[in-house]
Asker: 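The structure's right below; bear with me while I get my questions together.
Every number for a ligand or one of its atoms is a count from 1 in the order of the listing. This chain uses plain numbering: 1 for the first residue, then up along the sequence.
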Amino acid sequence: MSNTSLKPYNTFAIEQSCRELKVAHTRQQLIHMALACYQQQSPLLVIGGGSNLVLLQDFLGTVIKIETQGIEVLETVEAYHLTVAAGVNWHELVKHTLDVKMPGLENLALIPGTVGAAPIQNIGAYGKEFCDVCEWVEYLDLDSGQLIKLSAEQCQFDYRDSIFKQELDNKAIIISVGIKLEKRWQPVLDYGPLQAFDTAQVEAEQIFDCVCQVRSSKLPDPKELGNAGSFFKNPIVEAAVYHELARQFSSIVGYALDDGRVKLAAGWLIEHAGLKGTRLGAAGIHKKQALVIVNLGGASGEDIAALAKHVILTVEDKFGVRLEIEPRLVANHGVIASIW
Ligand code: EPU
């Protein structure tokens, strides 16, 4: 399809177009389409659920939407080893594994997007991250045309980060993902509302229901209010910086990391900079969760970027901490690194 609107393909519901939209239903189609585009040196943007994108301009190239399907399971004495196609919807995978009694993904319920997008930013919520269950990631190397499999360790996972956002940025297309679910299931109940469960009694379905309920109460449903989940990452600061901030702002929220540094709750910083509910054009800071920017109706990517800049500058001015954004920014010729 040529000159296609991308509004239905991004959860922010931003109205921008692309020169051409192609849908890959099979692995072979995906590989063929991606290599053809790359070799013609035509701008290429590969999307899954479109839940982590801010479209700043019309995209003057080809968008490939990945819709490959398939979940294969290899059972060993200790674990279920899943091979999942990149186009599978993440939440459908979580539901499916619970339906067939393979728990382990319940904390990651209701995260929008596809399985192939999960490794890129190492999705995480309620005490668990994708890297905790990842065994390997298979990608198409655009330079060589080869399929390459990286172990979880080689993916260099970190908080909302991986090799796919670093040295393989724009060079790799994730084709399938290997997930390992241990048969000896251990509930992860560290996060707030989950702490009320009894470790010895709790069932994975209860965690799933609780996570779905908490998420739905705080995070807007993109079908009703366009958004890309958390717009900002929780910033990580040195312990001394945290202690000084805590001295001045006693209710500040921070989580100590193993390396001694502290991860600050960006939602707290934004709210306490007085920005919750702020509007700029048709973009707004969500009233129930300040980490989320919402499209209040007809917002452009530029409106969203302008609001994000205002948030970053205001928070920096008040707390001396610089926020970084989470979603990918798309301009005329591809993904760009910064909104500035
Ligand atoms: N907070 C505020 N005001 C706000 C929002 C949060 O004061 O407007 C405070 C809360 O009271 C709480 C703390 O900040 O004490 C943390 O808030 P919350 O538990 O809602 O989590 P978060 O740090 O805001 C992160 C992830 C979410 C994930 C939740 C739950 C990032 C950037 N975000 O949010 O991930 O669902 O934890 O684990 O790490 C996403 O990435 O799209 C996403 C939704």
Asker: Using side chain to side chain contact (heavy atoms under 4.5 Å, CB included) as the criterion, point out the one residue from Leu269, Thr278, Leu275 that pairs with Thr314.
Answerer: Leu275
Asker: Could you tell me whether Arg160 and Glu326 make a salt bridge, using a distance below 4.0 angstrom between a side-chain N and a carboxylate O?
Answerer: yes
Asker: Is atom 7 (O) of ligand 1 near the protein, in the sense that some protein heavy atom lies at less than 4.0 Å from it?
Answerer: yes
Asker: Within ligand 1, which atoms have a heavy atom of Gly229 less than 4.0 Å away?
Answerer: 42 (O)
Asker: Does Tyr80 have Lys180 sitting over its ring (NZ/CZ under 6.0 Å from centre, angle to axis within 45°)?
Answerer: no
Asker: Report the nearest protein non-hydrogen atom to atom 34 (O) of ligand 1: residue, atom name, distance rounded to 0.1 Å.
Answerer: Leu291 CD1, 3.8 Å
Asker: Give yes if a backbone or side-chain nitrogen or oxygen of Ala228 is under 3.5 Å from a nitrogen or oxygen of ligand 1, and no if not.
Answerer: no
Asker: Just which atoms of ligand 1 are under 4.0 Å from any heavy atom in Tyr255?
Answerer: 13 (C), 16 (C)
Asker: Look at ligand 1 and say whether Gln121 reaches it with a heavy atom at a distance under 4.0 Å.
Answerer: no
Asker: What protein heavy atom is closest to atom 26 (C) of ligand 1, reported as residue, atom name and distance in Å?
Answerer: Arg160 NH2, 3.4 Å
Asker: Enumerate the atoms of ligand 1 whose separation from the nearest heavy atom of Lys218 is less than 4.0 angstrom.
Answerer: 18 (P), 19 (O), 20 (O)
Asker: Answer yes or no: is there an ion pair linking Glu138 with Arg27, defined by an N-O contact shorter than 4.0 Å?
Answerer: yes
Asker: Short check: is a protein heavy atom less than 4.0 Å from atom 19 (O) of ligand 1?
Answerer: yes
Asker: Record the part of Lys288 in heavy-atom contact with ligand 1 below 4.0 Å; permitted values are side chain, backbone, both and neither.
Answerer: neither
Asker: Can you find an N/O atom of Gln289 closer than 3.5 Å to an N/O atom of ligand 1?
Answerer: yes
Asker: Taking the minimum heavy-atom distance to atom 38 (O) of ligand 1, which of Tyr126, Trp268, Tyr191 ranks first?
Answerer: Tyr126
Asker: If hydrophobic residues (ILVMFWY) are linked whenever their side-chain heavy atoms come closer than 4.5 Å, directly or via other members, who joins Leu142 in its cluster?
Answerer: Leu30, Ile31, Met33, Leu35, Tyr38, Leu44, Val46, Ile64, Ile66, Leu140, Leu147, Ile173, Ile175
Asker: Ignoring hydrogens and geometry, is there a side-chain-to-backbone donor-acceptor pair from Glu244 to Ala240 under 3.5 Å?
Answerer: no
Asker: Could you label the plane-to-plane angle of the Phe319 and Trp268 rings as parallel, tilted or perpendicular, counting under 30° as parallel and over 60° as perpendicular?
Answerer: tilted
Asker: Is atom 29 (C) of ligand 1 near the protein, in the sense that some protein heavy atom lies at less than 4.0 Å from it?
Answerer: no
Asker: Just to be sure I read this right, does ligand 1 sit under 4.0 Å from the backbone of Phe232, its side chain, both, or neither, counting only heavy atoms?
Answerer: backbone
Asker: Who's the nearest protein heavy-atom neighbour of atom 23 (O) of ligand 1, and how far?
Answerer: Asn234 ND2, 2.9 Å
Asker: Give the other cluster members for Leu60, using side-chain heavy-atom distances under 4.5 Å between Ile, Leu, Val, Met, Phe, Trp and Tyr residues; answer none if it is isolated.
Answerer: none
Asker: Enumerate the atoms of ligand 1 whose separation from the nearest heavy atom of Ala125 is less than 4.0 angstrom.
Answerer: 28 (C), 36 (O), 38 (O)
Asker: Look at atom 44 (C) of ligand 1 and say which protein heavy atom is nearest, naming residue and atom and giving the distance to 0.1 Å.
Answerer: Ser230 OG, 3.3 Å
Asker: Do we see a donor-acceptor contact under 3.5 Å between the side chains of Asp161 and Gln121?
Answerer: no
Asker: Are there protein heavy-atom neighbours of atom 10 (C) of ligand 1 below 4.0 Å?
Answerer: no
Asker: Tell me which protein heavy atom sits closest to atom 14 (O) of ligand 1, plus the residue, atom name and distance to 0.1 Å.
Answerer: Ala265 CB, 3.2 Å
Asker: Using a 4.0 Å cutoff against the non-hydrogen atoms of Arg215, which atoms of ligand 1 qualify?
Answerer: 36 (O), 44 (C)
Asker: What atoms in ligand 1 come closer than 4.0 Å to a heavy atom of Glu271?
Answerer: 2 (C), 3 (N), 4 (C), 7 (O), 8 (O)
Asker: Among Thr11, Val294, Asn295, which one satisfies side chain to side chain contact (heavy atoms under 4.5 Å, CB included) with Pro222?
Answerer: Thr11
Asker: Under a 4.0 angstrom heavy-atom cut-off, which atoms of ligand 1 come close to Tyr159?
Answerer: 31 (C), 32 (C), 39 (O)
Asker: Quick one: look at Leu219 and ligand 1, take heavy-atom pairs under 4.0 Å, and tell me if it's side chain, backbone, both or neither.
Answerer: side chain
Asker: Lys288 and Ser217: which non-hydrogen atoms are nearest, and at how many Å?
Answerer: CD-O, 3.3 Å
Asker: Trp185 and Glu203: side-chain donor and acceptor closer than 3.5 Å?
Answerer: no
Asker: If you measure from the Lys or Arg side-chain nitrogens to the Asp or Glu carboxylate oxygens, is any gap between Arg322 and Glu324 under 4.0 Å?
Answerer: no
Asker: Applying salt bridge (Lys or Arg N to Asp or Glu O under 4.0 Å) to Lys65 and Glu67, what does each step give before you reach the verdict?
Answerer: CA-CA 6 Å; Lys65 174 152 168 50; Glu67 288 202 354; 3.6 Å; yes
Asker: Give the contacting part of Phe231 toward ligand 1: side chain, backbone, both or neither, where contact means a heavy-atom distance below 4.0 Å.
Answerer: neither
